[in-house]
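Just below is one structure, and these are the notes that go with it.
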Amino acid sequence: MIKLALFAGDGIGVEVATEAVNVLKFLFDLNSIRYEIEEDLVGGASYDEYKKPITEKALKLAKDADAVIFGAVGGYKWESLPIELRPEKALLTLRYDLGLYVNLRPAKVYSELIDASPLKKDIVNGTDMIIIRELTGGIYFGQPRGIFNLGDGQRKGVNTLTYTTKEITRIAKTAFEIAEKRRKKVLSVDKANVLESTELWREVVADTAKNYPDVELSNMYVDNCSMQLIRQPKSFDIILAPNMFGDILSDEASMIAGSIGMLPSASLNGKKGMYEPIHGSAPDIAGQNKANPIAAILSAAMMLRYSFDMGSLAERIENAVTGVIRKGYRTPDIYSDLGIGETKLIGTKEMGAAIIAELKLKG
Ligand code: NAD
């Protein structure tokens, strides 16, 4: 029996998670896989009901489940709350409390979607990389943090960028193990020229690399990396990055792939995982059936692969996504009117239904 926790969250999180769950239910039923999905509120929805972004009950649900499906949290309504009560706190709490230190963010360009990227076709075509982001350390969690009164009318905002050898070693190992199954290349990103915490990062990654002699390690400063990603995205395979750098670089990589609505993610601690699109709750398009559910649906595929060793089912979802893209179905974010009548503009629900129809077609 597969036990899933579902936290759809706020805004388009709810819309895209619904489509991902529909796809999963379809595949589970088709293959007689027994499952149980229990849902709870997180983010702004939880704050409205319980005055906190995540409750103990929801955290327990996540801890007891085999895997968590997450939509997205946040929205204009909750922006002025103190940081501890903001919807985004739910996400950080889940990542930290479940020990999800590995964040895999694949960014692949579908040749049919090349026109959706603002970059030139010959630059993006063939791009296929995974950003491996450290998820429970670094500046998002380091202490001290806060906004402090200095007593003279001045205030000081403080966040602390820390990394221990243990935190770096375990994420580096993951990157090298994944690289062994791909192009045997790891590019580690840091700012070792000016930040001691990432000077240590560079040193520990190099030490870890000694156990993986088949894998070639290179290093790049994050500022240079953000530039090279646009200049020659095809040259990247595995990018290993500290928490904040990985966060920023993966949003950048999403535009190489055409839209942030295309990029899935897996946050892992061994087989335990939380699966979510990399995008947020997109309040600008929420409730309008405009969100692209593909990132959420591909995140569900990652769940099947990483938490349940169901790689062939994951591939069926990935192939169905490729199939609907080939057939020309597009949500607004990936739509470009080529003037040849080959693309069909559809909404969130229709994209989910088209992917299920494609799965049915392939049996
Ligand atoms: P966002 O990712 O929500 O949206 C950025 C832009 O991309 C918007 O124009 C949006 O319409 C578009 N977009 C995002 N996902 C899309 C999809 N699936 N299909 C089509 N278009 C899509 O980022 P933001 O606007 O900076 O943040 C909005 C809220 O989401 C904030 O409250 C933020 O804190 C929160 N947020 C949450 C998460 C998360 O839950 N993991 C991640 C990032 C931001």
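Read the numbers this way: they start at 1 and go in the same order the structure lists the ligands and their atoms.
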Sub-4.0 Å atoms of ligand 1 with respect to non-hydrogen atoms of L91: 39 (C), 40 (O), 41 (N)

Closest protein heavy atom (residue, atom, distance) for atom 19 (N) of ligand 1: N292 N, 2.9 Å

Element-labelled atoms of ligand 1 that are located less than 4.0 Å from some non-hydrogen atom of E276: 41 (N)

Polar atom proximity, G261 to ligand 1 (N or O, under 3.5 Å): no

Shortest protein contact, atom 29 (C) of ligand 1 (heavy atom only): S281 OG, 3.3 Å

Sub-3.5 Å N/O-N/O distance, E79 and ligand 1: no

Atom 27 (O) of ligand 1 within contact range, any protein heavy atom under 4.0 Å: no

Exercise check, heavy-atom protein proximity under 4.0 Å to atom 3 (O) of ligand 1: yes

Sub-4.0 Å protein heavy atom next to atom 6 (C) of ligand 1: no

Closest contact, heavy atoms only, A296 versus A20: O-CB, 3.6 Å

For ligand 1, the portion of P87 having any non-hydrogen atom under 4.0 Å away: neither

Gap separating the NZ atom of K60 from the OG1 atom of T55, nearest 0.5 angstrom: 12.0 Å

Under 3.5 Å donor-acceptor, N243 side chain and L135 backbone: yes

For G280, the ligand 1 atoms whose distance to one of its heavy atoms is below 4.0 Å: 1 (P), 2 (O), 3 (O), 30 (O), 36 (N), 37 (C), 38 (C), 42 (C), 43 (C), 44 (C)

Test salt bridge (Lys or Arg N to Asp or Glu O under 4.0 Å) applied to R95 and E134, E88, E276, the passing residue: E276

Atom 8 (C) of ligand 1 [closest protein heavy-atom partner, distance rounded to 0.1 Å]: D284 OD2, 3.4 Å

Enumerated ligand 1 atoms positioned under 4.0 Å from heavy atoms of I12: 15 (N), 16 (C), 17 (C), 18 (N)

Heavy-atom closest contact (A209 atom, L217 atom, distance): CB-CD2, 3.9 Å

Atom 32 (O) of ligand 1 [closest protein heavy-atom partner, distance rounded to 0.1 Å]: E88 OE2, 2.9 Å

Closest to atom 14 (C) of ligand 1 among I334, I285, I260, V42 (heavy-atom distance): I260

Parallel, tilted or perpendicular: ring planes of F70 versus F7, cut at 30 and 60 degrees: perpendicular

Nearest heavy atoms of F26 and K360, plus distance in Å: CZ-CG, 3.3 Å

Close approach of A295 to ligand 1, heavy atoms, under 4.0 angstrom: no

Ligand-residue contact atoms, ligand 1 with G74, heavy atoms, under 4.0 Å: 32 (O)

Atoms of ligand 1, numbered as shown, that sit under 4.0 Å from any heavy atom of A291: 19 (N)

Nearest-neighbour protein heavy atom for atom 25 (O) of ligand 1, which is reported as residue plus atom name and distance: P283 CD, 4.7 Å

Working for salt bridge (Lys or Arg N to Asp or Glu O under 4.0 Å), residues E318 and R305: CA-CA 11 Å; E318 288 154 1; R305 178 172 293 119; 2.8 Å; yes

N/O separation below 3.5 Å, R95 to ligand 1: no

Under 3.5 Å donor-acceptor, T348 side chain and P293 backbone: no

Numbered atoms and elements of ligand 1 in range of A72, under 4.0 angstrom, heavy atoms: 40 (O)

Heavy atom of the protein closest to atom 35 (C) of ligand 1 (residue, atom name, distance): V73 O, 3.1 Å

Residue A282 vicinity, atoms of ligand 1 by number, heavy atom under 4.0 Å: 3 (O), 10 (C), 11 (O), 14 (C)

N/O donor-acceptor pair under 3.5 Å between K327 side chain and K344 backbone: no

H279-ligand 1 polar pair, N/O distance under 3.5 Å: yes

Exercise: do Y101 and T174 side chains pair donor with acceptor under 3.5 Å: no

Sole candidate of R182, K108, K234 that passes salt bridge (Lys or Arg N to Asp or Glu O under 4.0 Å) when paired with D128: R182

With E252, the side chain to side chain contact (heavy atoms under 4.5 Å, CB included) member among I248, L249, I256: L249

Lys NZ or Arg CZ of K51 over Y47 ring: under 6.0 Å, within 45°: yes

